Amino acid sequence: MSCGTPAGLPVVDAMTPPVLVLSGPLTRDGVSGPCDALRALLDSGGDGSGAGVVVCDVGGLGPPGLAAVELLARLQLTARRAGGRIRLRDPSRALGALLDLVGLRFEVEGQPEQREPPLGVQEAVEAGDPAV
């Protein structure tokens, strides 16, 4: 019995975005390397249009600081200039709080988008509403 190669194109999961792993410790001088890597990932995004999403794994950044904020702000700007966007994977609570403090908003894996209410959450109950 022989097993030949199946006809047709190989199956490729087009829904899985590329991942850029960021690791620390960060310095202000080390910002250009990740920006170049992000640009390359966005440019190689399938159809060559440069549009798409790149997941930035920030779990290995270490303790958050202003260098991390600057890096993520520059990555977001680089992605937007290329017509894409970034999504954070595994940010620490401290990093999320620091980003909120400086006014930067990022998509985070596993969290609903701002337009979508989280599942199982109800509106506030007015006094006098009947119990259900």
Side-chain angles (χ1 to χ4, degrees):
M1 189 171 192
S2 66
C3 181
T5 310
L9 297 173
V11 177
V12 177
D13 185 6
M15 299 303 292
T16 304
V19 177
L20 177 65
V21 179
L22 303 173
S23 58
L26 292 176
T27 61
R28 294 189 71 197
D29 298 332
V31 173
S32 63
C35 287
D36 293 339
L38 175 67
R39 193 174 299 111
L41 286 172
L42 286 169
D43 288 343
S44 68
D47 59 357
S49 66
V53 176
V54 173
V55 174
C56 293
D57 188 343
V58 295
L61 282 181
L66 293 179
V69 170
E70 181 179 358
L71 173 64
L72 292 175
R74 287 183 184 232
L75 287 173
Q76 186 176 46
L77 181 61
T78 300
R80 286 186 179 173
R81 285 180 176 167
R85 56 196 170 103
I86 63 172
R87 182 181 306 146
L88 301 184
R89 175 184 289 168
D90 198 23
S92 66
R93 296 181 102 183
L95 179 60
L98 185 58
L99 292 173
D100 283 342
L101 181 67
V102 298
L104 289 175
R105 304 282 182 238
F106 290 93
E107 288 182 42
V108 178
E109 279 192 339
Q111 289 184 349
E113 293 182 19
Q114 287 182 343
R115 297 179 302 264
E116 301 174 6
L119 296 176
V121 175
Q122 297 180 1
E123 298 284 331
V125 178
E126 297 284 327
D129 279 349
V132 202

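Computed from a predicted structure; not experimentally measured. Throughout, numbering of the chain's residues begins at 1 and tracks the sequence.
Between L22 and C56, the shortest heavy-atom distance links the atoms CD1-CB, 4.2 Å. When all heavy atoms of G84 and L42 are compared, the pair lying nearest together is CA-CD2, 4.3 Å. Nearest heavy-atom pair across L41 and V19 is CD1-O, 4.2 Å. Pairing each heavy atom of I86 with each of A79, the nearest pair is CG2-CB, 3.8 Å.
The only member of L95, L20, D90, L75 that meets side chain to side chain contact (heavy atoms under 4.5 Å, CB included) when paired with V58 is L95.
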CA sep, side-chain torsions, deciding dist, call: R85, R87, side chain to side chain contact (heavy atoms under 4.5 Å, CB included)
CA-CA 7 Å; R85 56 196 170 103; R87 182 181 306 146; 4.0 Å; yes

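In this structure, CG in L77 is found 8.5 Å from CZ in R80, a value given to the nearest 0.5 Å. Q76 contributes atom CD, which lies 8.5 Å from atom CG of L88 (distance to the nearest 0.5 angstrom). Atom-to-atom distance recorded for D36:CG and T78:OG1 is 8.5 Å, nearest 0.5 angstrom.
L104 is connected to L38 through a chain of hydrophobic side-chain contacts under 4.5 Å among Ile, Leu, Val, Met, Phe, Trp and Tyr, so both are in one cluster. Connection of F106 to V102 is established within a shared hydrophobic cluster, with ILVMFWY side chains joined at heavy-atom distances below 4.5 Å, either directly or through further cluster members.
Residues D100 and R105 meet the side-chain proximity criterion, which asks for heavy atoms closer than 4.5 Å.
With hydrogens and angles disregarded, no donor-acceptor distance shorter than 3.5 Å links the side chain of E109 to the backbone of D57.
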